[in-house]
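Remarks on the structure that follows.
In this text the structure is predicted, and so the values were computed from the model without any measurement. Reckoned from all heavy atoms, side chains included, excluding hydrogens, waters and symmetry mates. In the text below, chain A, chain B and the rest are named by the order of the sequence lines, each starting its count at 1.
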2 protein chains.
Amino acid sequence: MKMSEGVEWGLHCALILGNLPPTTAMPAKALAELHGVSESYLLKHLKSMTAAGILESLPGPRGGYRLSRPATEVTVLDVVDAIEGKGPAFRCTEIRQRGPFPAPAEICNRKACMISATMLRAERAWRDVLRAQTIADLGAEVVSDVEPERLGKIFDWVRERTRS
Amino acid sequence: MKMSEGVEWGLHCALILGNLPPTTAMPAKALAELHGVSESYLLKHLKSMTAAGILESLPGPRGGYRLSRPATEVTVLDVVDAIEGKGPAFRCTEIRQRGPFPAPAEICNRKACMISATMLRAERAWRDVLRAQTIADLGAEVVSDVEPERLGKIFDWVRERTRS
DNA sequence: GGAGTGATACTCGGATATCTGGTGTCCGAGTTTTCGCGG
DNA sequence: CCGCGAAAACTCGGACACCAGATATCCGAGTATCACTCC
């Protein structure tokens, strides 16, 4: 079970975009350069986040990406779902309906397999943790962590590449 | 993020093996037939579980697999880890050390990236749920769920293929 | 000088290769049983 | 009838193809800007 590397990229980008003044945007080229990753590939993930309603994209010069709602209303789970897809990691293939003693389909429709229920319960706990943390929370923690001097340089660099 | 289908197979097999009398074993051929899956491929996962110390394998005729310890001491997490591998789903690639303003390596070694910390916290919650449930628990729930008549047939079928 | 118009530069979006890891299968090593033979 | 030994049958273990999804890239569509021309 491996999570896409794009999730990390998407979260870092969301953090940057969450610290931008409202109604301003930042192009993917700048985001890619700031994080040292491929612009073409990052674009793919930003597109997914846009499709999920987390980001807004503005075409043309002075265009770019921005959060579609305040950072306090975007959770880490939103970003993960946007990039990884919403489906659960564990997919019950209904093994109990196979083999020489298959379980009747109507019973299976009525009550889920206990194995599936356990796995889904675990995933719900996982999702709850991610849903409890917003991009704003995470951004604040990161900001308080990074050395002030470096933080200033980053902010300046970002400001220069911010378009309204 | 997709979990290997083998986890489902492994859990079902563990449930069956957990209901066997101690010191008896069941061959992979029977386990595969009972669940309606490929024996060759199931063997691969049983091997992983054996390597992880969950199962014991006995070669030769009258051989097969059995739990290496009581079902009350095998957790669902043990099975998942055995088949999926122990590594976390989210791997921090230390993006903060890249780009034009890289974070100093010594700081990164001292304190983990906040994004990584959040993802790992979520995974810990996930693992806690899976660790809290043993194969014995799960087996009892499944047994109480399945229709008594079908359960009896399965037990008989399994008993016939159980070797000591 | 100002408005209109065309070219330009820059942005995102989608279609297209490549590659790693999960999926699936096969053959070989090892052990127990079984059968046959000799005493 | 009993003991010994070789062959066979059955088990797991590891090596080898195959395929889906993630990774990575490029080219095209669309838009705001800019320069130039004309009024």
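As a whole-Å value, the separation of L42(A) CG from dC26(D) P is 15 Å.
Residues passing the salt bridge (Lys or Arg N to Asp or Glu O under 4.0 Å) test with E73(A), sequence neighbours excluded: none. Take R163(B) and apply the salt bridge (Lys or Arg N to Asp or Glu O under 4.0 Å) test, not counting sequence neighbours, and it matches no residue. With sequence neighbours left out, the side chain to side chain contact (heavy atoms under 4.5 Å, CB included) criterion links S68(A) to E56(A). Listed by chain and number, the residues in a salt bridge (Lys or Arg N to Asp or Glu O under 4.0 Å) with K111(B) are D145(A) (sequence neighbours excluded).
Screening residues 5-20 of chain A for side-chain hydrogen bond (donor to acceptor under 3.5 Å, both in side chains) gives E8(A)-T93(B) as the qualifying pairs, with residues at least two apart or on separate chains. For residues 77-91 of chain B, the side-chain hydrogen bond (donor to acceptor under 3.5 Å, both in side chains) pairs, not counting sequence neighbours, are R69(B)-D78(B), T75(B)-D78(B), D81(B)-R127(B).
Looking at residues 7-17 of chain A, you'll see that no heavy atom sits under 4.0 Å from any atom of DNA chain C.
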- prompt: Reading nucleotides 4-22 of chain C from the 5' end, what letters show protein touch, with B for base, S for backbone sugar-phosphate only, - for no heavy atom under 4.0 Å?
  reply: -----BBBSSS--------
Return all side-chain donor-acceptor pairs below 3.5 angstrom for residues 48-55 of chain A, not counting sequence neighbours, or 'none' if the list is empty.
from, atom 1, to, atom 2, distance (Å)
S48(A), OG, K44(A), O, 3.3
T50(A), OG1, L46(A), O, 2.8

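The neighbour count for E149(A) CD, taken as heavy atoms of other residues, nucleotides or ligands under 6.0 Å away, does not exceed 12.
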